[in-house]
Amino acid sequence: MENVEWFNIIMIIIVAGGGWLCLQNFSLVKRVLIGAPMKTEALQSKSNHLFWLIALPILSADLYSSVAYGPEAGMSELAQLGPDAKWLILPITVAAVLLLAILINSYIMGVLAYPNGGGAYAIARDNFKHSWVAVTASSALLIDYVLTVAVSVSAAVAAIASAYPAVTPYRTTIALICIFVLLLINLRGVAEAAKVLAWPTFFFMACMLALIAFGFFNEFRFGFVQAATPSFGTVPKDLTALLVLKAFSSSCSALTGIETISNSVPIFRNPKQKNAIKTYVALGILEGVTLLGIAYHLYVHGISVHSSNTMLSQLTALIFGNGLIYQLITWSTFVVLILAANSTFNGFSQLAAIVASDGFLPRKLAQRGDRLSYSNGLITLAALAGLLVVFFHAETNALIPLYAIGVFVSFTIAQIGLVRRWGHIKGRHWKVNLAINGIGAVVSAVVALIFAVTKFTGGAWIIIVILPWFAWLSLAISRHYKEVRSQLHIDLALDRPVTHEVTSIVLISGIHRVVNNTLSFAKSIDTNVVAVYVGFDDASIERIQKQWKEWGSPCQLVTLKSQYRSLIGPISSFIRDIQKEKGKDSYIHILMPQFIMKKSWHNLLHNQSALILRTWLFLHKDVVITTVPFHLKK
């Protein structure tokens, strides 16, 4: 334990020292880590958009990686019923795949109708009169994206810790490092991330398909009904409809991430919609085949839920043994869980940018960075996920109850929105489409409700509280932007700039070169200049008055005495007196001398009173503030 504490102390010192060096050489560090800035015109370049086959692993890692735990999550709910319940993995997985097909079909319809991305948010925005519905959809998805990063990274680190117990005390630190590395990769741009991260996901997909294929080969040799194969159709004594629904909802955790492609349509190469649909079709086939194949083999071999050994790991060891192939598949599972977190970086930043453009999130989230990615969104996601990892100590089991509720809320809103759309626009096969989306809405709502009820005490209550609060905050942000627009609006026919009397006040701390520079600037732009000095005793005031006369009294000097050693109080009173004397139609112009250090650490040797005073005036007084810099040479 002592070693862990020393490790954490050393890491804090290294991070603090590294942070200081980075601040000192920010431009260089930024160029090395993130790359050279790119021109805006490069947005139209093919190299900055994804070919659908490369987009498949980049945007689907979250969804596809869930095959590693989706079937097991469902069976974990039924494990208490004993061997007679093992066959239920088949109908539960088939139901999950049918829901997958409905959702993919719905999101393809959404891609066709909303080519600019946005997924459930765009569908809700267009089909519901009240904006709170769309905001709820976006809030649910954004929260789920943050949880996805935290859960995926924590799960990957936990898997590594299971194989190497010595890593266990450092899981939180390792998880934070993983998030930071993913952030850097994504800040370099979509194309850069694709080059690095596409191939490990392809390898994991190949491993899963090979596992299924060799599983069938094994069954051709030893029979499709083996000694370990449980009986089919036996109804366990304590089985209830609620327990079946609970197992189904848990297995539906394998469907999280399905919306990432629809949120990321803008990053596809042209034709964007066609390529996004190709990616959805390929992903649906791969996900469906993998889920059904793995579930079938788990049933045939009678594999049970085990707390220290996943069902996928047991199946892999049974088919391939514990040799090299087992190790490759195990490590590819670790890697793809990390990459599952990466796929959400694209989805979160794209969705946040769309929502911010509509005024429901801070505008900064819609601004592109040097590498044309939505860097503020990426940094926000990494920071929030990092806080979750720290707060829950990278414990996957503590985070899982928070997971998937949000995404099924957004699924439900998207399905209902499409039902409303078909009811309005009709079109070919609209009744079939309406029926499909109607079924999807009901099933998604049921899954979300089951999640909320069955996992409420396990932590789901946090999401149930945070989701409406986040939606309310988004609406509050929108109201703020509208109020600002209203207050800034002018009538072009009536409102014109007019001339007002200006009183320029130069705040001085003595008579020196910096003050000389500031007064020279003030007298160059205005004739009504007043110098103001605040003294803490009579001696200092008399000294400045004497020096001022010796200097030739370049302008009127006003001296103020501060009995409580405060600059703010006397200056505030003086400004108030000027405003009363001159009237509301006049301007007060505060000029503040500021000498700039050659070396940043020199700032620690000075009291920065000008900075404090400028900040207070900016927040409390309706005055114009100008800082006149003077750069020191040494």
Side-chain angles (χ1 to χ4, degrees), residues 42-68 97 100-101 103-112 114-117 119 148 152 182 185-186 188-213 254-293 328-329 332-333 335-351 371-373:
L43 277 172
Q44 309 306 321
S45 170
K46 273 190 175 182
S47 62
N48 285 303
H49 292 84
L50 296 181
F51 179 57
W52 74 269
L53 193 59
I54 298 298
L56 176 62
I58 293 297
L59 300 179
S60 68
D62 178 18
L63 177 63
Y64 195 78
S65 67
S66 59
V67 303
V97 171
L100 170 71
L103 292 174
I104 284 183
N105 183 62
S106 297
Y107 276 107
I108 287 175
M109 295 174 187
V111 168
L112 290 171
Y114 306 98
N116 294 321
T148 296
S152 297
L182 288 173
I185 292 172
N186 281 277
R188 294 186 67 89
V190 173
E192 292 284 340
K195 292 176 184 177
V196 176
L197 304 175
W199 304 110
T201 308
F202 273 137
F203 181 72
F204 177 75
M205 290 176 174
C207 286
M208 292 299 98
L209 295 176
L211 177 64
I212 294 169
L255 306 184
T256 57
I258 195 172
E259 73 291 337
T260 303
I261 294 172
S262 66
N263 288 335
S264 305
V265 175
I267 68 173
F268 281 88
R269 288 185 184 177
N270 289 321
K272 297 180 186 294
Q273 292 166 290
K274 186 176 180 181
N275 284 323
I277 291 170
K278 283 182 181 179
T279 308
Y280 257 134
V281 172
L283 174 59
I285 294 171
L286 281 169
E287 178 83 1
V289 167
T290 306
L291 283 173
L292 291 172
L328 286 174
I329 292 178
S332 72
T333 305
V335 172
V336 85
L337 283 168
I338 293 290
L339 299 188
N342 174 74
S343 68
T344 63
F345 274 85
N346 287 301
F348 181 96
S349 59
Q350 293 285 334
L351 177 59
R371 302 288 293 179
L372 301 180
S373 60

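Because the structure is a prediction, the values reported are computed rather than measured.
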> State which residues pass side-chain contact (heavy atoms from CB on, under 4.5 Å) with Asn275; sequence neighbours excluded, sorted by chain then number.
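Partners of Asn275 under the side-chain contact (heavy atoms from CB on, under 4.5 Å) test: Trp52, Phe268, Arg269, Pro271, Lys278.
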> Can you name the one residue among Thr344, Ile261, Thr279 that meets side-chain contact (heavy atoms from CB on, under 4.5 Å) with Leu59?
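So the option named by the test is Ile261.
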> For residues Leu328 and Phe203, report the shortest heavy-atom separation together with the two atoms involved.
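Taking Leu328 first and Phe203 second, the nearest heavy atoms are O-CE2, 4.1 Å.
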> Do you know which two heavy atoms are closest between Tyr280 and Val111, and how far apart they sit?
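Shortest heavy-atom separation between Tyr280 and Val111 comes out as CE1-CG2, 4.1 Å.
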> Using distance only, find each side-chain donor-acceptor pair of residues 282-290 under 3.5 Å and give its atom names and separation, not counting sequence neighbours.
| from | atom 1 | to | atom 2 | distance (Å) |
| --- | --- | --- | --- | --- |
| Thr290 | OG1 | Tyr64 | OH | 2.7 |
| Thr290 | OG1 | Leu286 | O | 2.6 |

> Rounded to the nearest 0.5 Å, how far does CG of Leu211 lie from CZ of Phe204?
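Answer rounded to 0.5 Å: 9.5 Å.
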> Can you list the residues that meet the side-chain contact (heavy atoms from CB on, under 4.5 Å) rule with Leu292, with sequence neighbours excluded?
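Partners of Leu292 by the side-chain contact (heavy atoms from CB on, under 4.5 Å) criterion, ordered by chain and then number, come out as Thr93, Val94, Val97.
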> As an exercise, state the distance from CD1 of Ile104 to CG of Leu63, rounded to the nearest 0.5 Å.
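One gets 7.0 Å once the value is rounded to the nearest 0.5 Å.
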> Quick check for you: to the nearest 0.5 Å, what is the distance between Gln350 atom CD and Ser262 atom OG?
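Reported value, rounded in 0.5 Å steps: 11.0 Å.
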> Shortest non-hydrogen contact from Met205 to Pro57?
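Shortest heavy-atom contact: CE-CA, 4.5 Å.
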> With rounding to the nearest 0.5 Å, note down the distance linking CD1 in Ile212 to SG in Cys207.
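Atom-to-atom, Ile212:CD1 and Cys207:SG are 11.5 Å apart.
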